[in-house]
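Below: the structure, in structure tokens.
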Amino acid sequence: MTKIVSRFAPSPTGFLHIGGARTALFSWLLARSQGGEFRLRIEDTDRERSTQEATDAIIDSMRWLGLEHDGEIVFQSERADRHVEVIDQLIASGHAYYCDCSKEDVDAMREKAMKEGRKPKYDGTCRDKGLTSGVVRLKAPLEGATGYKDMVKGFISVENTEMDDMILRRSDGTPTYNLAVVVDDHDMGVNRVLRGDDHVNNTPRQILIYRAMGWDVPEFGHVPMILGPDKKKLSKRHGALSVMEYEKMGYLPEAVTNYLARLGWSHGDQELFTMDEMVELFTTDGLGNSPSVFDLTKFEWVNGQYMQKADPDRLAGLLCDFLAREVGEEEAKAVTRERFALIAPLLQPRAKSVLDMLEQARPFIVDVSFLPYDEAAVQKFLTAETKPMLEEIAGRMEGLAEFTEPALEELHKGFIEDRDIKFKVIAQPLRVAITGKTQSPGLFETMVVLGKEQTLARIRRAVEL
RNA sequence: GUCCCCAUCGUCUAGCCUGGUCCAGGACGGCGGCCUUUCACGCCGUUAACAGGGGUUCAAAUCCCCUUGGGGACGCCA
């Protein structure tokens, strides 16, 4: 059995978007699950639209997602000579020919065909003219059908009369996409091509080239696309498209890959998969064949699951990075990673993203003098009735030798027993006093993380409000 | 217009290939409840779907055909 070699071949005309990322993930999974190789090729033959920034963005995104590729990255633009070499072979072997029809001629043909209810295509005028210049076209078979077994869609077949003699080499001598893809995939030893649905129509054409060259035809698979909530192709107006935007919004890469994998792939009822599990369980049988809608709500749930499981120290590192992005490196240094590592565990069950966690961490990282208060909460809970109680609690805390959760619990228990009240009576007032808000992690754990000094200062300031 | 593809709860999906165990299962969301010092988390319950029509069959979500709806492609772009 030969080793599986799959690939991802984006054109660097923009950042890596969610759809591309999913295709890359499936392709990566296909190779990794079989102990094969996963190659990366940048299809930068469109010099007008390709940019270095886009290339970098794609590579960065792949790295962030953990989709490591094998071997060197292949740049299609550097392989023009080889493409031309293959085209020459095709001409020599009679599988391709020159055509000097003008663009206007061909457009006219198409229009005519369309009018007559046929598929618009080049009519093969120059097929047997034996020309020696112009564009080079593939001499496609006139009869029969070209079919293949798609890894996700099953058997697909197209009548050869539906396909025209596609251009292999433009009049300026450069190779076209379909030719370049075939040559590169062949030369790279690619034997599994998993790509977007939009390439289904190209596949039979490409198979024709493989056959003309006498090369082994890889197995193809076409994954359906991702739709926006309106069921239209996912685009900018649906919000975040770029993989790196998700990074900026504080989502975890493993949540992105998990969610993306489940969008179009399944393994029974399982929802959560680590990368290792996916590698272990992935098969193309699990791939669905209908387009799916990207559901941000479910994605956030997945991310929340990973936030809960994440190592606090890792989260702390991310929190530092995000804070630095917000207030600058210098300012951010005021809050240490160790500090965040203490806060993170309290916030893990309630944060949807790193950004969200940073927001919730706010009361923990500012000094009492900068603590913002929720006005309505202050009005409601810091009353003439509760303030004296808070004052007394602060007084009792003063004498606490050990500022720990059990000790604090003991202290409050004593307080409510002495006063013969329910804990409820002072819980929210205390919360508002020390966090400024009505929602926060557990009171005692919050106090411990805040520390005795800060906790006391906050309660005392609250009494003055 | 022509060709190709697709079609199960609002959404992601299991089941379909190898008809019966499916008056269709799971997850997100919604709703209700429990837990609880708040919010979350967690737990329990509930809501909601086989696009329509014909066949085939003792039996169809599952097989066949048609219709409808959606998408994609039809470039000297990739």
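All chains are named by letter (A, B, ...) in the order of the sequence lines, taking the proteins before the strands, and each is independently numbered beginning at 1.
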Practice task
Check whether the side chain of A/D197 and the base of B/G72 form a donor-acceptor pair under 3.5 Å.
Solution key: no
Practice task
Output yes when at least one side-chain N/O atom of A/R170 is less than 4.0 Å from OP1 or OP2 of B/A78, else no.
Solution key: yes
Problem - Options B/A73, B/G26, B/C3, nucleotide nearest the side-chain atoms of A/E162 - result: B/C3
Problem - Euclidean distance for P, B/A61 against B/A40 (whole angstrom) - result: 41 Å
Exercise for the section: Identify which nucleotide among B/G72, B/G71, B/C28 has an atom closest to any side-chain atom of A/K232, counting heavy atoms from C-beta outward. Expected result: B/G71
Handout entry: Ring-face cation of A/R137 near A/Y122 (centre distance under 6.0 Å, axis angle within 45°)
Key = yes
Handout entry: Length of the CZ-P vector between A/R205 and B/C4, whole Å
Key = 13 Å
Problem - Stepwise side-chain contact (heavy atoms from CB on, under 4.5 Å) check, A/L260 with A/F26 - result: CA-CA 9 Å; A/L260 249 23; A/F26 286 150; over 6 Å; no
Exercise for the section: Compare side-chain N and O positions of A/S292 against OP1 and OP2 of B/U13 and report whether any pair is under 4.0 Å apart. Expected result: yes
Fill in the blank from the handout: Among B/A27, B/C28, B/A7, the one nearest any side-chain atom of A/E271 is B/A27
Problem - Under 4.0 angstrom between A/N178 side-chain N/O and B/C77 OP1 or OP2 - result: no
Problem - Under 3.5 Å donor-acceptor pair, A/R350 side-chain atoms to B/C39 base atoms - result: yes
Practice task
Assess whether one donor atom and one acceptor atom, taken from the side chain of A/S171 and the base of B/C76, lie less than 3.5 Å apart.
Solution key: yes
Practice task
Select one nucleotide: of B/C76, B/G25, B/U37, the one nearest the side-chain heavy atoms of A/L443.
Solution key: B/U37
Problem - N/O donor-acceptor pair, side chain A/R431 with base B/U37, under 3.5 angstrom - result: yes
Completion exercise
Looking only at B/U37, B/A7, B/C41, the nucleotide nearest the A/Q308 side chain is B/C41
Handout entry: Donor-acceptor pair (no angle test) under 3.5 Å: A/E116 side chain, B/G1 base
Key = no
Exercise for the section: Answer yes or no: is there a donor N or O on one side and an acceptor on the other, between the side chain of A/T435 and the main chain of A/R431, under 3.5 Å? Expected result: yes
Handout entry: Short side-chain to backbone donor-acceptor contact, A/H199 and A/R195, under 3.5 Å
Key = no
Exercise for the section: Examine distances only and state if a side-chain atom of A/K139 and a backbone atom of A/I91 form a donor-acceptor pair shorter than 3.5 Å. Expected result: no
Exercise for the section: Determine: side-chain N/O of A/Q305 to OP1/OP2 of B/G42, distance under 4.0 Å, yes or no. Expected result: yes
Practice task
Please tell me which of the listed nucleotides, B/U2, B/C4, B/C76, lies nearest to the side chain of A/V135?
Solution key: B/C76
Practice task
Consider the side chain of A/S266, meaning its heavy atoms from C-beta on, and name the nucleotide among B/U13, B/C28, B/C76 that approaches it most closely.
Solution key: B/U13
Fill in the blank from the handout: Winner on side-chain proximity to A/M114, out of B/G1, B/A78, B/U37, is B/G1
Practice task
Between B/A78, B/C39, B/A27, spot the one nearest the side chain of A/E43, thanks.
Solution key: B/A78
Completion exercise
Checking B/C74, B/A40, B/U13 against the side chain of A/R110 (C-beta onward), the nearest is B/C74
